[in-house]
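Throughout, protein chains are lettered first and strands after them, A, B, ... in sequence-line order, and every chain is numbered starting at 1.
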Amino acid sequence: MQFSPEIFEKKWQQKWQEDNVYRTENFTDTPHCFVLDMFPYPSGSSMHVGHPRGYVATDIYSRFKRMNGFNVLHPMGWDAFGLPAEETAIENKEYPTETVERNIKKFKIQLNMLGLGYDWSREINTTDPEYYVHTQRIFLEFFKRGLATNKTIPVNWCEELGTVLANEDIVDGKSERGGHPVFQKPMRQWILAITKYADRLIDDLDLLDQWPEKIKNAQRNWIGRSEGHEFSFSTSAGIPISIYTTKIETLPGATCVVVAPDGELTEQLLATSTNAQQIKNYITQSSQKTTLERQAVTEKTGVIIEGVTATNPFTKEQIPIIVSDYVLSSYGTGAIMAVPAHDERDSEIAKVFNIESRTVIEHDVLVHAHALNGKTVEEARTILSDMVDAKKQKRYKIRDWVFSRQRFWGEPFPIVWIEGKNNYELVAQGPVGAWLPKEAVMYIHDGKEQYAVPVLPEFLHTMQLPKVASYQPTGTLEGPLAGIDTWVNVFLDPTTGAISQNKETTHAIPARRETNTMPQWAGSSWYWFRYMDTKNKELPFSKQSVDYWGPVHIYAGADHAVAHLIYARFWHKVMQDAGMVDFPEPFTRLEFLGYILAPDGSKISKRKGNSRSPEDVINTVGADAFRMYEMFIGPFEKSAPWSDDGLVGSRRFLERVWRLHESVVEKNVATTDAHALSSIHKTIQKVGNDIETFKFNTAVSSMMICLNEIQDVDIAVADFKHFISILAPFAPHITEEMWHVMGHTSSIHLSTWPTVNKSVIRQESITVPIQINGKVRSQIDVPMDMPEKELETLALEDAAIQKHLSGKTTQKIIIVPNRIVNILV
RNA sequence: GCCGGAAUGGCGGAAUGGUAGACGCACACGACUCAAAAUCGUGCGCCCAUUGCGGGCGUGUGGGUUCAAGUCCCACUUCCGGCACCA
């Protein structure tokens, strides 16, 4: 019979679905394992050969664990809210739900073509109201703890996308989505207080010993903790300037003070200056720079605030105050002491204004520093911080998470706004009171106080995304939802917390729904928990289910070090504080996935058209060969270029397995060749170890080696089955087909991983190389574990060795049994 | 600039401090065939010698430790990734 994957692959995919082969139940007595893929967003662009690599790897791992008796949770779902899906929908001129639905269908077909064994009964979709009601529910936990606030702060505004973006959404100074320019603007936004968790997010990285160092380092850098001092410079205007520095010992060399153009402080100093107009012009000018332009700046610019000076609290010198946009209002105090001699940036600004650069530290000792001359850096630090009454401060580069988007396609906030303190207090006395933060979230509009009030969990069904006629971004602070009166204007019953369209009770008060939506990252910040308990109506997930399944044992996917993986850890910690989970970190082990590159080594991109579709490959060589090649191409965590030539090797391997299987069945011999048997068992061991450690490339090559060793000798059917079993996770279709041909009626994927027979592995003899002065001159076959003495004798008797040794004196002989003999002359 | 990671044949890559280049691809030659494809077999780091063995060099560069280094240590080069006016 011909090897025809195109026939049996589809057949088995259907059969597995019908038989629920991959269905997982909660709560078993067996060991269990949660293997998680980063779920995709089903965008319009179709898959290329790089996408399935991670899915194939976790599929292999899951099958392996299942065959080893584990109850395996290996689910899949869709991250479908947010800009990618919405932008696609706008391009296609259709409603986002349609886009999402169609793309999910397409993606699912593609995943199934690969023979991936997901438990589809646990499929999730972040845009499903049944799902996002729980995202909203978890947001309430943030709100209640004062971690979700509404504040005016400088944020990234992207005109083209018509929305603000988080720092994590900005790549190389442009929007990650679309590469549009971004401006810094103060705006009122929903903020999640991730900085309050910064220490835990850094410190708990030490718990993650099964995470790649690379990812942990990226997170440490991104969070960017620094420890320094905060203290004040007095000014001739009577307004103190508070500054933050990590090098207080350089204070004697501080010859000017620099303030950020967009800070409040600058506003105040400007009023007492003699060049207010010049300063205002500079402020306007720098506010018009995009983030990219700011970053690209090579030469420092700024304006001296004339008519005002600051006093260096150590030297008592009067020093100039400069406004310059290299100082950021969003970091530290928005003002710095500039020490030109010991900081490159300060040196640049000093050059522009001809300001003195005074070296105050040489070889770790203070110089040109009056009373401090000769003191060490350490001593100076203590003396100075006492003298200026400095406070020790920790600062972080990470900013609080700007969490609102002026877009349609996201989770609505479970928040309504009410007017007036009296109304707020009335609401606080009702059931809503239990969900209010200590400090009210509010702002003042036209002189009237607006208070944020949470929508209770039991009324979240009233906060579903409405059907709208137009969902295009409006380009204003209000999202598209603001245009729908029936969405915005509602009534809140303070005695129950109920939200209604009409005033249904006399005491109901008017309220306005929040019109911004949550960002793309919201739904993906907790989704792994939902897989554990997909049908739960009341809660995001039950405590029992998370006690059983959590934490995730293996999380595999592409590099999302600074966005998703920080957000996910942050949400997890808040959920921990809310008592929803008991453990500190969501993902025990993280496996980082390398990309598949185009054949020329460049990145695969739609524009270049340098990719191949998985369907294409499957139609040519079959899904099994495709899977094998994706694993064989190189180490899992390393990127590697795609090669159609290389793909052929996997296909040939499977064809040879197929032929061998036919001859094994036909010959039906009773005993297997001893060397072949040993090879099979060695390979069982090797492949098992390699799967456990995600070394799929060497697992595949060891099976190729094994095939080379067994294909021309007698193999009994029973022993050949072992070979088929270890191949099954990699090539699920062909192995299932052979398994059934060999008489089984149930799936090979529900069978047991073969046991290694150590006694057949054990070799009787071994080849030992003999070196003279470290160069291999001969080798001898000797029985395993031959004692040193005998080995030495045999080595010295060897003809080739004798030839090399003639006329020389042996100094020393080093013998490592079963390994090597090294003769020194 | 800071923080990671990497560097091995024509290519992807393999190697608990112990025979570098497994496995696969490409290539060459041979078998089968009228022929081709497929398949099977042999060879395949570089240089010298090939009438026979063989010999020298070799894992980015320079040094070091060791009987023995791709692997450990020191210094450097290049490339890739991340962060970046964060005081």
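- Take A:Arg589 and apply the salt bridge (Lys or Arg N to Asp or Glu O under 4.0 Å) test, not counting sequence neighbours, and it matches A:Glu591, A:Glu692.
- Under a 4.0 Å N-O distance rule, the pair A:Asp199/A:Arg225 qualifies as a salt bridge.
- Under the rule for a salt bridge (Lys or Arg N to Asp or Glu O under 4.0 Å), A:Lys695 has no partner lying at least two apart in sequence or in another chain.
- Between A:Phe3 and A:Trp658, the ring planes are tilted. Angles from 30° to 60° get that label.
- Between B:rA26 and A:Arg652, a contact under 4.0 Å exists linking OP1 or OP2 to a side-chain N or O.
- Using a cutoff of 4.0 Å between basic side-chain nitrogens and carboxylate oxygens, A:Glu792 and A:Lys789 are scored as salt-bridged.
- Nearest nucleotide to the side chain of A:Asn221, out of B:rG56, B:rC67, B:rG82: B:rG82.
- For the C1' atom pair drawn from B:rG24 and B:rG5, the interatomic distance equals 26 Å after rounding to whole Å.
- Residues satisfying the salt bridge (Lys or Arg N to Asp or Glu O under 4.0 Å) test with A:Lys686, not counting sequence neighbours, are A:Asp690.
- OP1 or OP2 of B:rA87 has not a single side-chain nitrogen or oxygen of A:Tyr326 nearer than 4.0 Å.
- Of the residues in residues 696-712 of chain A, those lying under 4.0 Å from RNA chain B by heavy-atom distance are A:Asn697, A:Thr698, A:Ser701, A:Met704, A:Ile705, A:Asn708.
- Distance A:Asn217 CG to B:rA6 P: 13 Å, rounded to the nearest Å.
- Atom name C1', nucleotides B:rA49 and B:rA38: the rounded distance is 39 Å, in whole Å.
- Remark: the A:Ser226 side chain and the A:Tyr331 side chain contain an N/O donor-acceptor pair separated by less than 3.5 Å.
- In this structure, A:Lys216 atom NZ and B:rG5 atom P are separated by 12 Å, rounded to whole Å.
- Which of B:rA87, B:rC83, B:rC3 sits closest to the side chain of A:Trp222 comes down to B:rC83.
- Taking only side-chain atoms of A:Pro641, from C-beta outward, the nucleotide of B:rG12, B:rC67, B:rC83 with the closest atom is B:rG12.
- Whole-Å rounding puts the A:Ile820 CD1 to B:rG17 P distance at 15 Å.
- Residue A:Lys695 is classed as having no contact, given no heavy-atom separation below 4.0 Å to the nucleic acid.
- B:rG56 has its base anti relative to the sugar, with a glycosidic angle deviating from 0 by more than 90°.
- Checking the phosphate oxygens (OP1, OP2) of B:rC53, no side-chain nitrogen or oxygen of A:His804 falls inside 4.0 Å.
- With no hydrogens or angles considered, a side-chain donor-acceptor pair links A:Asp346 and A:Tyr326 at under 3.5 Å.
- Using a 4.0 Å heavy-atom cutoff across all strands shown, A:His560 reaches no nucleic acid atom at all.
- With a 4.5 Å cut-off on side-chain heavy atoms, A:Asp262 and A:Pro186 do not count as touching.
- Following rounding to the nearest Å, A:Met628 (CE) and B:rC25 (P) show an atom-to-atom distance of 12 Å.
- Spacing of P atoms, B:rU71 relative to B:rA6, comes out at 13 Å, to the nearest Å.
- In this structure, the nucleotide among B:rG12, B:rU19, B:rA87 sitting nearest to the side chain of A:Tyr331 is B:rA87.
- For A:Arg659 and B:rU39, the shortest distance from a side-chain N or O to OP1 or OP2 is not below 4.0 Å.
- Taking atom C1' in both B:rG64 and B:rG43, one finds a spacing of 40 Å when rounded to whole Å.
- Residue contacts for A:Ser650: at a heavy-atom cut-off of 4.0 Å it reaches no nucleic acid atom on any strand shown.
- Note on ring orientation: taking the six-membered ring where Trp is involved, the planes of A:Trp401 and A:Phe570 are tilted (angle from 30° to 60°).
- Rounding to whole angstrom units, NZ of residue A:Lys397 and C1' of B:rA84 are separated by 6 Å.
- Applying the salt bridge (Lys or Arg N to Asp or Glu O under 4.0 Å) rule to A:Arg651 yields the partners A:Glu655; only residues at least two apart in sequence or on another chain are considered.
- When the nucleotides B:rG18, B:rG24, B:rA26 are ranked by their closest atom to the side chain of A:Phe632, B:rG24 comes out on top.
- Within 4.0 Å (heavy atoms only), A:Leu824 reaches sugar-phosphate atoms of the nucleic acid but no base atom.
- Atom pair A:Gln802:CD and B:rC53:P shows a separation of 21 Å (rounding to whole Å applied).
- Ion pairing between A:Arg612 and A:Asp644 holds under the 4.0 Å rule for side-chain N and carboxylate O.
- Here the side chain of A:Thr767 is nearest to one of B:rG4, B:rG24, B:rU19, namely B:rU19.
- Toward the 5′ end of RNA chain B lies the nearest nucleotide of A:Gln771, the other residue of the pair A:Glu655 and A:Gln771 mapping further downstream.
- Across B:rA87, B:rC3, B:rG12, the shortest atom-to-atom separation from the side chain of A:Ala640 is found for B:rG12.
- For the P atoms, the distance from B:rC27 to B:rG17 is 37 Å, rounded to whole Å.
- In this structure, A:Ser639 reaches the sugar-phosphate backbone alone: every heavy-atom distance under 4.0 Å involves primed, P, OP1 or OP2 atoms, never a base.
- Nucleotides B:rU59 and B:rU19 have their C1' atoms positioned 15 Å apart, rounded to a whole Å.
- Considering only side-chain atoms of A:Pro635, the nucleotide from B:rG82, B:rG18, B:rG13 that sits closest is B:rG13.
- Between A:Lys214 and A:Val171, the residue whose closest nucleotide on RNA chain B is further toward the 5' end is A:Lys214.
- Across all strands shown, A:Val327 has heavy atoms under 4.0 Å from base atoms, whether or not it also approaches the sugar-phosphate.
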* Asked: How does RNA chain B look in dot-bracket form if you count Watson-Crick and G-U pairs under 3.5 Å, write [ ] for pairs that cross, and put | where a base pairs with another strand?
  -> (((((((..(((.....[....))).(((((.......))))).((((.....))))..(((((..]....))))))))))))....

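- At a threshold of 4.0 angstrom between heavy atoms, the contacts of A:Arg777 are confined to the sugar-phosphate backbone, with no base atom among them.
- No salt bridge links A:Glu630 with A:Arg53; every basic N to acidic carboxylate O contact stays at or beyond 4.0 Å.
- Within the nucleic acid shown, A:Asn822 comes within 4.0 Å of at least one base atom, counting heavy atoms only.
- Atom CZ of A:Phe626 and atom P of B:rG24 are 21 Å apart (whole Å).
- Remark: C1' of B:rA87 and CZ of A:Phe233 are 12 Å apart, rounded to the nearest angstrom.
- If you take atom P in B:rA22 and the same atom in B:rU42, they sit 15 Å apart, rounded to whole Å.
- Remark: the separation of the C1' atoms in B:rC67 and B:rC53 is 28 Å, to the nearest Å.
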